[in-house]
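The structure appears below as structure tokens.
Hydrogens, waters and symmetry mates are skipped; everything else that's a heavy atom, side chains included, is used.
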Amino acid sequence: MVATKRKRRGDLAVQAKKPKRNEKDAKSLSKSPVKAEEVEEEEKDRIPGPVCKGKWKNKERILIFSSRGINFRTRHLMQDLRMLMPHSKADTKMDRKDKLFVINEVCEMKNCNKCIYFEAKKKQDLYMWLSNSPHGPSAKFLVQNIHTLAELKLTGNCLKGSRPLLSFDPAFDELSHYSLLKELLIQIFSTPRYHPKSQPFVDHVFTFTILDNRIWFRNFQIIEEDAALVEIGPRFVLNLIKIFQGSFGGPTLYENPHYQSPNMHRRIIRSITAAKYKEKQQVKDVQKLRKKEPKTILPHDPTEDVFVTPAEKKPIEIQWVKPEPKVDLKARKKRIYKRQRKMNQKVNSGNAK
């Protein structure tokens, strides 16, 4: 079959012209089998990448960022979470004066539907917001006992981008507010299947345990030989404050009755130390008052001298002769040493002359 061209106005069919071959094209055709052989040899040595047979359907994206005023430990924790969660995105620090509702707009601009926001107060208290943007719900936690990946005592390791297993305490299913938090944590911390930045391996576990009305987060490596667990990090404790119906606000669904604010905790500690100081001062005042009180004189008891036996009186002796002075042996040795040193100096000076 020969390619033909049709004119718009006429019915005649005209044969299309064949493109002319240049000298360069001829040379490239001659060299093409040589290049093909080289490419085949290179492909033999290559290690094939992981084969993705499925389709990426779960388009969960998490925005992880913080407010201004965080310390170095919070910054390292935030970087660790970004490293462990390949479906996360980063953003610049938010000003403290801005209202939290602005975060919903930031999530919309970044095309994220979940958010982890670290809020620092007084440069010593850290709060974490977990939110489903923009409709909610959201939860506010106080973060305590932070340990990052960089610490030497956490010796575990895992592949970057691998998908984690999520292990939850059975207590999450007993109460309604914990079951809501469980669903929120699953949607945030689980890496979507067939995500472009994820690896098709499962080699670590995120554990969420409830103890002392707090949620304890741990990250463990799964060792293949005996299925033992070695902690990787980071680790932190989440103390629940409130659960809101909306994203970063709205009606309160649950308020933790066991929560104690850091300001109240520091106030109690100061009051305990002040009470100890006051107690010491009161003891000192009582002792001073006792010293100033007049001593009570008891009457003489005649039975006190029943067992007292009088001692024999020794005769008084008067010395009429002056006693001989005691010989000081140390002073005598010093004088002898000085004489010997002077004699040695004289002898040495005479030999020199």
Is it true that the side chains of H204 and S162 contain a donor and an acceptor less than 3.5 Å apart? yes
How close do Y259 and L240 get, counting heavy atoms only, and between which atoms? CB-O, 3.9 Å
Can you tell whether the side chains of R163 and D203 come within less than 4.0 Å, N to carboxylate O? no
Residues, nucleotides or ligands: over 12 heavy atoms within 6.0 Å of K93 NZ: yes
Report the C-alpha distance between K123 and N71 in whole Å, list the side-chain angles of each, state the deciding distance to 0.1 Å, and finish with yes or no for side-chain hydrogen bond (donor to acceptor under 3.5 Å, both in side chains). CA-CA 7 Å; K123 295 186 178 180; N71 55 7; over 6 Å; no
Kindly check if the number of other-residue, nucleotide or ligand heavy atoms within 6.0 Å of CZ (R266) is above 12? yes
What's the shortest heavy-atom distance between N256 and N213, and which atoms? ND2-O, 4.3 Å
State whether the side chain of W56 and the backbone N or O of N58 hold a donor-acceptor pair below 3.5 Å, judged by distance alone. yes
Smallest separation among heavy atoms of E60 and N113, with atom names: OE1-OD1, 3.2 Å
Would you indicate whether the side-chain heavy atoms of Y127 and I241 approach each other to under 4.5 Å? yes
Side chains of R61 and N111: closer than 4.5 Å at any heavy-atom pair? yes
N263 and K122: side-chain donor and acceptor closer than 3.5 Å? yes
Would you please classify the geometry between the F172 ring and the Y178 ring as parallel, tilted or perpendicular, with 30° and 60° separating the classes? perpendicular
Is the backbone of D212 close enough, under 3.5 Å, to the side chain of R214 for a donor and an acceptor to pair up by distance? yes
Do the two ring centres, one from F189 and one from F217, sit under 6.0 Å apart? yes
Using a 6.0 Å cut-off, check whether atom CD of Q281 has over 12 heavy atoms from anything other than its own residue. yes
Please say whether more than 12 non-hydrogen atoms of neighbouring residues, nucleotides or ligands are located less than 6.0 Å from NE2 in H265. no
Side-chain ion pair, K333 and D328, N-O less than 4.0 Å: no
Looking only at side chains, do S247 and S131 share a donor and an acceptor under 3.5 Å apart? yes
Under-4.0 Å salt bridge between K110 and E105: no
Judged by atom type as modelled, is there a donor-acceptor pair below 3.5 Å linking the side chain of S349 to the main-chain atoms of Q345? yes
Heavy-atom distance under 4.5 Å between the side chains of Q221 and E231, does that happen here? no
Less than 3.5 Å apart, any donor N or O on the side chain of D80 or T148 sitting next to an acceptor on the other? no
Within the supplied structure, the quantity of interest is the number of heavy atoms (other residues, nucleotides, ligands) at a distance under 6.0 Å from E108 CD; does it exceed 12? no
Compare every heavy atom of L84 with every heavy atom of G233, then report the nearest pair and how far apart it is. O-CD1, 4.0 Å
Do W216 and F208 have side chains that get closer than 4.5 Å, going by heavy atoms? no
